[in-house]
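Below: the structure, in structure tokens.
All heavy atoms count here, side chains included; hydrogens, waters and symmetry mates do not.
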Amino acid sequence: MRLSDLITKEIIKMLNESELNTAEIQRNEFAALMGCAPSQINYVLSSRFTPEHGYIIESRRGGGGYIRIKRVTFQNASAIMHIVNSIGDRIDALSTRIVIENCLETGIIDKKQSELMCAAVSNTVLQSVPTILRDSLRAALLKQMLLSQI
């Protein structure tokens, strides 16, 4: 498992353990705990904990500063529409996996649905599609699968 995946997993664990769907970290201390540079924490936050993924990031600089990650909760239909609108015309395999995992964690879909969705948009399934078209097809498939949940 890659370091960014481990950092993501740890933050999600903190969110899941919180009754308020909020995790608060101090970047330097969290980086030391994870055995990485603070910039790696920034990368994970900016790429995996975005509003499109259902998160809000707040930060306060200086001594005693913090980074607060809040999981936004929506009603399922609103959340699905927000996700579908944020996907755009193309989505790569990693971003697709993140969207599906977020949907699973927030209860929009169940484990079986997430497994089917991951299988349907996998590179293995799409290998016969020309590379230049894969991310477009993946986006269309993902959007339709999510819309079917409304």
Side-chain angles (χ1 to χ4, degrees), residues 1-123 134-150:
M1 186 176 279
R2 295 183 315 181
L3 181 58
S4 54
D5 293 332
L6 293 172
I7 294 167
T8 301
K9 188 175 181 177
E10 185 62 29
I11 293 172
I12 289 172
K13 178 182 170 194
M14 294 166 69
L15 288 165
N16 290 340
E17 292 172 353
S18 167
E19 291 180 20
L20 301 174
N21 283 322
T22 302
E24 193 168 292
I25 61 172
Q26 292 187 314
R27 188 180 70 133
N28 291 338
E29 286 79 7
F30 189 65
L33 176 72
M34 298 305 295
C36 66
S39 61
Q40 183 72 32
I41 304 299
N42 288 348
Y43 167 75
V44 170
L45 292 173
S46 65
S47 63
R48 300 189 182 187
F49 293 91
T50 64
E52 293 80 19
H53 292 120
Y55 299 94
I56 296 173
I57 304 291
E58 301 172 6
S59 63
R60 191 177 88 192
R61 295 179 179 261
Y66 61 83
I67 299 172
R68 184 176 296 139
I69 304 107
K70 182 169 178 60
R71 185 183 295 147
V72 179
T73 54
F74 301 98
Q75 292 181 337
N76 282 359
S78 296
I80 290 170
M81 289 309 299
H82 176 74
I83 294 164
V84 166
N85 290 331
S86 73
I87 290 171
D89 295 332
R90 303 173 54 83
I91 188 167
D92 61 37
L94 176 61
S95 297
T96 301
R97 192 187 79 205
I98 292 168
V99 168
I100 293 170
E101 286 175 3
N102 287 338
C103 288
L104 175 62
E105 289 166 9
T106 57
I108 293 171
I109 59 174
D110 63 29
K111 180 76 171 156
K112 188 67 173 172
Q113 290 166 322
S114 74
E115 291 168 353
L116 288 170
M117 291 172 120
C118 284
V121 295
S122 70
N123 283 329
R134 282 186 195 158
D135 289 348
S136 296
L137 178 57
R138 191 183 333 268
L141 288 167
L142 180 60
K143 287 177 184 181
Q144 287 305 307
M145 288 186 286
L146 288 170
L147 288 171
S148 74
Q149 301 303 307
I150 295 178

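Side chains of Arg71 and Asn16: a donor-acceptor N/O pair is present below 3.5 angstrom, by distance only.
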Self-check item: Test side-chain contact (heavy atoms from CB on, under 4.5 Å) applied to Thr8 and Glu101, step by step
Solution: CA-CA 11 Å; Thr8 301; Glu101 286 175 3; 5.8 Å; no
Practice problem: For Leu45 and Tyr55, run side-chain contact (heavy atoms from CB on, under 4.5 Å): C-alpha distance rounded to whole Å, both residues' side-chain angles, the deciding distance at 0.1 Å, then the answer. | Solution: CA-CA 9 Å; Leu45 292 173; Tyr55 299 94; over 6 Å; no
Exercise. For Leu3 and Ile7, run side-chain contact (heavy atoms from CB on, under 4.5 Å): C-alpha distance rounded to whole Å, both residues' side-chain angles, the deciding distance at 0.1 Å, then the answer.
Key: CA-CA 6 Å; Leu3 181 58; Ile7 294 167; 4.0 Å; yes
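Nearest approach of Val84 to Lys143, heavy atoms of both residues: O-CE, 3.7 Å. Residues Leu20 and Thr22 approach most closely at O-OG1, 3.0 Å, considering heavy atoms. Residues Ile11 and Ala23 approach most closely at O-CB, 4.4 Å, considering heavy atoms. For Asp110 against Leu104, the heavy-atom pair with the smallest separation is C-CD1, 3.4 Å.
In the displayed structure, Asn85 atom CG is contacted under 6.0 Å by more than 12 heavy atoms of other residues, nucleotides or ligands.
Contact of the Ile83 side chain with the Ile108 side chain is registered, since non-hydrogen atoms from C-beta on lie closer than 4.5 Å. You'll find the side chain of Thr96 stays beyond 4.5 Å of the side chain of Leu141, heavy atoms only. Between Leu147 and Gln144, some side-chain heavy-atom pair lies under the 4.5 Å cut-off. Annotation: side chain of Arg138 is not in contact with side chain of Ile87 (no heavy-atom distance under 4.5 Å).
Residues satisfying the salt bridge (Lys or Arg N to Asp or Glu O under 4.0 Å) test with Arg68, not counting sequence neighbours, are Glu24, Glu58.
Between the CG atom in Asp92 and the CZ atom in Arg97 there is a gap of 10.5 Å [rounded to 0.5 Å].
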